[in-house]
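Convention: sequence-line order gives letters A, B, ...; per-chain numbering from 1. Values reported hereafter were calculated over all heavy atoms of this structure, with side chains retained and with hydrogens, waters and symmetry mates removed.
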Protein chains: 2
Amino acid sequence: MSAHPEFLLGEFSRTLDERYRLSLPPELAEPLTAEGLDCIVAKEQLGCLSLWSAAHWQRRLDEGVELVKGKMRAGRLEGRWEEVQLLGRLLSTRQRPVQLAGRGRLVVPEGFREFLAVEAGGEVLVVGAGVCVELWQPSAWQSHLAARMPEFRALFDRLAN
Amino acid sequence: MSAHPEFLLGEFSRTLDERYRLSLPPELAEPLTAEGLDCIVAKEQLGCLSLWSAAHWQRRLDEGVELVKGKMRAGRLEGRWEEVQLLGRLLSTRQRPVQLAGRGRLVVPEGFREFLAVEAGGEVLVVGAGVCVELWQPSAWQSHLAARMPEFRALFDRLAN
DNA sequence: GACGATTTGGGCGACCTTCCCACAAAACCA
DNA sequence: TGGTTTTGTGGGAAGGTCGCCCAAATCGTC
């Protein structure tokens, strides 16, 4: 349980079950669930979902949500209910907690299936994205790579220095 | 579910029955009715109703009403009767108390049905909005998301900091 | 070619949603 | 006023979904 979990890397092809299940490769599932089976799925862009360790995500989010709740109690958000409501609403549709079943198997929840845009029985690319795991619809993955790969060298140099 | 019982989150699809009833998912119904089965439905915008725990709502409303009453007593609203009148009028039509039946079943009251703009047998999206639960007509939900999702990050930062 | 690890598919049971029907209350009409 | 229809309310139960478990198929390696 290090403060710096491994940097998640790797690209794997998986098929989505008739019941919208897919199994994560152990290389990615293990580090992800090192602190518990709870994860967060989030909508990134059409054709891409991301999967986060709940522990990590909650740490970040809780700080925010706890802050908001604290402010609410303190009355510092009176007259800003609309904004709190809007935030909750957007959070609701963007992300959802899930639990990995045995052997790192994930069920893509209702509401995230259309967003991933992969039909039952179709192919999904499971990609380690450093801080999280991403699920890509194959053609979305292709066009993302085509668009962003050229920046790779500059990005690497910038982050590595 | 989430680690935030007071902060309602989640998005669910439900169908409105022929008699304009729908069942709330347990994840949302339970926290909402923790302090009693009494709730308040309010008109938010065309295609969207909100559902509040009566206890919370009263707290919020009382604060506002007390403020207005205080101002009236202090004579600070002299000459603004029209506005106060309008406020009272809107308060009367905007909201209505309802009771959740067993299994978290809600009857959308007469007068709120047209506002929700979902016909009997149609689909409703049930969304946790932090401080309340919202009922959305699907296309209204889509366009709301399209319009407001881009501000998500800025909103989060603004509220959390 | 065989073995082990991993992925995929299916069975089963529990839970949940929704359909349907029965009953009560209110409204409507003669 | 009395009977009939509409509307609200509650509960039973069918049907679907999901979680859990195990078995078969597949892949890679030795």
Side-chain angles (χ1 to χ4, degrees), chain A residues 8-33 36-41 49 51 54 96-116 118-128 133 135-136 138, chain B residues 1-2 8 10-33 36-39 41 49 51 96-114 116 118-128 133 135-136 138:
Chain A
L8 302 168
L9 290 179
E11 181 189 9
F12 309 83
S13 171
R14 288 286 179 276
T15 60
L16 206 60
D17 201 278
E18 290 303 317
R19 290 155 69 174
Y20 292 93
R21 300 178 292 184
L22 67 81
S23 57
L24 303 178
E27 293 95 318
L28 295 180
E30 246 168 66
L32 201 60
T33 61
L37 292 175
D38 295 298
C39 295
I40 304 287
V41 236
L49 301 177
L51 241 190
R96 166 174 314 191
V98 291
Q99 275 214 7
L100 293 196
R103 295 185 202 64
R105 183 137 62 163
L106 166 76
V107 182
V108 178
E110 183 76 25
F112 289 70
R113 297 171 184 174
E114 319 79 53
F115 196 86
L116 180 56
V118 175
E119 67 288 4
E123 184 190 8
V124 175
L125 289 165
V126 183
V127 181
V133 172
L135 312 178
W136 285 86
Chain B
M1 212 192 76
S2 148
L8 304 168
E11 183 190 16
F12 309 84
S13 171
R14 288 286 178 274
T15 59
L16 209 58
D17 132 334
E18 290 304 319
R19 304 275 178 83
Y20 291 93
R21 297 182 292 183
L22 66 82
S23 58
L24 302 179
E27 292 95 318
L28 295 180
E30 255 169 55
L32 199 62
T33 61
L37 292 176
D38 295 299
C39 294
V41 238
L49 301 177
L51 240 192
R96 171 173 314 187
V98 291
Q99 274 215 7
L100 291 197
R103 303 178 228 172
R105 190 143 59 165
L106 166 76
V107 182
V108 178
E110 184 74 26
F112 289 68
R113 297 171 184 175
E114 319 79 53
L116 180 56
V118 175
E119 67 288 4
E123 185 191 6
V124 176
L125 289 164
V126 182
V127 180
V133 172
L135 312 178
W136 285 86

Of the listed nucleotides [options], the one nearest the side chain of [X]:
| X | options | answer |
| --- | --- | --- |
| V107(A) | dG8(D), dT17(C), dG19(D) | dG19(D) |
| R21(A) | dT7(C), dT17(C), dC20(D) | dC20(D) |
| R14(B) | dC20(D), dG8(D), dT17(C) | dT17(C) |
| S23(A) | dT6(C), dT17(C), dT8(C) | dT8(C) |

Does CD belonging to Q99(A) count more than 12 external heavy atoms closer than 6.0 Å?
->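 Yes, enclosed.
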More than 12 non-hydrogen atoms from neighbouring residues, nucleotides or ligands closer than 6.0 Å to CD on E11(A), yes or no?
->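 More than 12 heavy atoms, drawn from other residues, nucleotides or ligands, come within 6.0 Å of this atom.
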Calculate the interatomic distance between L16(B) atom CG and dC19(C) atom P; express it in whole Å.
->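 Answer to the nearest Å: 10 Å.
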Could you tell me whether a side-chain N or O of R113(A) sits under 3.5 Å from a main-chain N or O of V108(A), the two making a donor and an acceptor?
->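 Yes, the answer is positive, given that a donor and an acceptor are paired below the 3.5 Å cut-off.
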Check whether the side chain of R103(B) and the base of dG12(D) form a donor-acceptor pair under 3.5 Å.
->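 Counting by modelled atom types and ignoring angles, a donor-acceptor contact under 3.5 Å is found here.
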Contact under 4.0 Å: T15(A) side-chain N or O vs dT8(C) OP1/OP2 |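 It does, given that an N or O in the side chain of T15(A) lies less than 4.0 Å from OP1 or OP2 of dT8(C).
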Hey, does R105(A) reach any base, or is it just sugar-phosphate, or nothing, if we go heavy atoms under 4.0 Å?
->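 Result for R105(A) = base.
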Under 4.0 angstrom, heavy atoms only, what part of the nucleic acid is A101(A) near: base, sugar-phosphate, or nothing?
->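 Answer is nothing: A101(A) stays at 4.0 Å or more from every strand.
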What bend angle does the helix from dG1(C)-dC30(D) to dA30(C)-dT1(D) show across its length, from five-pair end axes and to the nearest 10 degrees?
->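 Here the helix ends are tilted 30° relative to one another.
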Would you say F12(B) and E27(B) make side-chain contact, with heavy atoms under 4.5 Å?
->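 In contact.
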